[in-house]
Peer 1: 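Before we start, here is the structure in question, set down as structure tokens.
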Amino acid sequence: MMAQVRTLEDRLVAEKTAGSDAPSELIALAHRARDRDTEATRSLLREIAPAVRRTCKGVLGAEHADLEDTIQESLVAFVQALPSYRFDGDITHYAVRIAFRATLHTKKRSLRWRDRFRLTGTIEDTTDYASSSPSEEAMLTQRRKALERVLGKLPREQAEALTLRIMLDFSMNEIASICDVPLNTVKTRLRLGKDALRRHMERDAVLRAALGGNT
Amino acid sequence: MMPVDTHPEDILDRIISDTASADDVRQFEEHASRCQACAAHRTLRPTARGALEPSLEDKMRNERAVSHAMNALQGGARRRSPPSVWMLAAAAVLVAGIAGAGYWGRFHAPPRSEQVGNSAPAGAAKKPDPQPTNPPDTAPEQPTEAVDLSPTPDKAKARALPSPETRETAAQVFADANELRRTGKDSLAMVTYRKVERLFPGSPEAEQSYATLGSLMMEHGSPQEALGQFDHYVERGGPLLVDVLAGKAGALQRLGRTAEERRTWETLLERFPKSVHATRAKTRLAELH
């Protein structure tokens, strides 16, 4: 019972925190966009596009071939999902949630194509930890791949929470708002996810080196 | 004493929001020295954070993405209209003349809607359109129609918009200029940005060029010329307005035009109170008072 009360409180806090930052102009635009006002839709998309790009770029990487397509798909999906928006949370987080889903969809699609054309080896083999690159983006790509390799072994919810936390640098309240779950759920997912990540890193020295763990 | 298996996520939250105390940081570092997962988080975070920072090009790309998304949404609305009826209506317009066109337009032509395609059922709406949208580097299929769907179109602006073919070329020259800038050939880049402004006035690329060229001129110690570029951009407005206002204020500062500089910082703060330039604006205004 106490746990339920705490969960509800946390959720209210999360929603309040998330909602308080949402500018009223954005909400007004969202209302008009939902009523199919073209100019309002365009203005709303301009406002949320940076957050959508940030999400897609954070998950896919700046060099991903499908980055721009995914951003456009996310924007379209966001407008199409406006009738489902309940106006009780941050609309930017709502857009991020949709972009995050679209981005994961793109990743799965990329992996399917890669699987189709790969003759030998495994997905893990494509991560070349040993190769060094002077470019920060290349280094980040390597680390992202290493992290994805571990996250692929975790339950989806934990993997998503860790991606939002580590790759997109969101706070716990923001993750709660984006995932539309209570704050305590986010805490649990992060704790379990990090426990699993730690176990994997403790067992695997190569992974530890790739992710910049303690030597 | 913090047990090793409790990840200090609350402290990380404060680190993320830049409100962590020295003690917070010390506690986190102590934990990270014993926890591989948090050590990895510590290593990955700055790199990931840096990669998430928006660039000038990102703002331009966002504009393009919004434009393509709007086209896709409008295209979706058109797809719902039966094509055969569309074709029949068009044929009738040709054969029967204006009167016939009026009749078919009223009863059969697809609605020239001012609405975007968000009429999908709520339950089915959450999935992104599985069909890929236009590639980012190509012109939209119906750019002019898409632009004109505004309920209160700015006719003069619409007339000034270049044709799709021209826009493609503007994008190409603009990309060349960006590439020159990226490779450190600033003088050539400046010439090329000027070319975009001269050959494609009114295009999004030309508008962006005023912002970028202004910044380059500032870097090369030409605040007077930079000011001209920034003023042009400010007059028209655009997605880079906040950055351009900051650039303009910087140019005025170098020129010693204090009163105008103060007004520019005040405008920036008034219009963009939460921008990344807000702190600098406040600091500078305090110095000027």
Side-chain angles (χ1 to χ4, degrees), chain A residues 33-34 36-39 41-42 45-46 49-50 52-54 57-58 61-62 66 68-69 71-77 79-84 98 101-102 105 136-137 139-140 143-144 147 165-173 187 190-191 193-195 197-198 201-202 208 211-214, chain B residues 5-7 9-10 12-13 16-17 32-45 47-52 54 58-59 61-66 68-70 72-73 76 113-123 125-129 132-136 149-152 239:
Chain A
R34 198 179 56 172
R36 305 176 200 173
D37 178 326
T38 305
E39 273 314 295
T41 306
R42 192 187 303 275
L45 288 183
R46 280 192 179 127
V52 166
R53 174 173 295 279
R54 184 182 185 277
K57 199 160 82 168
D66 292 330
E68 294 301 325
D69 273 352
I71 291 166
Q72 289 164 34
E73 284 172 14
S74 302
L75 293 175
V76 170
V79 174
Q80 289 175 335
L82 272 179
S84 307
I98 289 164
R101 297 272 175 246
H105 178 74
E136 200 170 58
E137 175 60 31
M139 192 187 295
L140 179 62
R143 286 187 165 146
R144 184 185 285 116
L147 183 65
R165 184 70 159 168
I166 298 176
M167 298 311 295
L168 292 166
D169 210 29
F170 281 118
S171 71
M172 288 191 287
N173 270 328
K187 286 181 177 176
L190 286 176
R191 180 174 53 79
K194 276 201 172 169
D195 283 349
L197 177 60
R198 184 171 62 196
M201 288 180 73
E202 280 169 355
R208 203 156 58 235
L211 287 178
N214 302 314
Chain B
D5 57 348
T6 305
H7 309 288
E9 298 296 338
D10 290 321
L12 264 168
D13 259 3
I16 288 171
S17 63
S33 68
R34 287 173 284 137
C35 172
Q36 295 291 356
C38 286
H41 192 164
R42 180 187 56 191
T43 308
L44 283 165
R45 195 178 159 263
T47 330
R49 201 175 153 100
L52 293 173
D58 276 353
K59 291 190 178 182
R61 289 186 194 118
N62 285 345
E63 279 292 300
R64 207 178 294 156
V66 168
H68 284 312
M70 292 299 289
L73 288 161
S113 173
E114 291 180 348
Q115 302 169 344
V116 290
N118 61 357
S119 55
K126 282 211 170 184
K127 276 197 168 184
D129 187 349
T133 49
N134 295 324
L149 278 179
S150 159
T152 53

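Letters A, B, ... mirror the listed sequences (proteins, then strands); counts begin at 1. Small disclaimer: the values here were computed from a predicted structure and weren't measured.
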Peer 1: Considering non-hydrogen atoms only, spot the tightest contact between A:R165 and A:S171 and give its length.
Peer 2: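 Smallest heavy-atom distance, with atoms named: NH1-CA, 3.5 Å.
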Peer 1: With rounding to the nearest 0.5 Å, note down the distance linking CG in A:L190 to NE2 in B:H7.
Peer 2: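 Rounded to the nearest 0.5 Å, the CG-NE2 separation comes to 9.0 Å.
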Peer 1: Do you know which of B:E9, B:K59, B:R45 has the most heavy-atom pairs with chain A at a distance under 4.5 angstrom?
Peer 2: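 When all of B:E9, B:K59, B:R45 are compared, B:E9 has the most.
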Peer 1: Specify the closest pair of heavy atoms between B:A39 and B:A32, including all atoms of both residues, with the distance to one decimal.
Peer 2: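 Smallest heavy-atom distance, with atoms named: CB-O, 3.5 Å.
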Peer 1: I need the residue from A:L45, A:I166, A:L197 with the largest number of non-hydrogen atom pairs under 4.5 Å to chain B.
Peer 2: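 That would be A:I166.
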Peer 1: At their closest point, which heavy atom of A:M172 faces which heavy atom of B:D13, and how far apart are they?
Peer 2: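 For A:M172 versus B:D13, the nearest heavy atoms are N-OD1, 3.0 Å.
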Peer 1: For A:M201, is there any backbone N or O sitting under 3.5 Å from a side-chain donor or acceptor partner on A:R208?
Peer 2: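 Yes.
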Peer 1: Quick one: which of A:D169, A:L147, A:L211 has the most heavy-atom pairs under 4.5 Å with chain B, could you say?
Peer 2: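 Of A:D169, A:L147, A:L211, A:D169 has the most heavy-atom pairs under 4.5 Å with chain B.
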Peer 1: Side chain from CB out, backbone as N, CA, C, O: work out which of these in B:S17 comes under 4.5 Å of a heavy atom of chain A, or both, or neither.
Peer 2: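 No part of B:S17 comes within 4.5 Å of chain A.
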Peer 1: Output the option from A:R53, A:E202, A:R54 having the highest count of non-hydrogen pairs under 4.5 Å with chain B.
Peer 2: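 Sorted descending by pairs with chain B, the first entry is A:R53.
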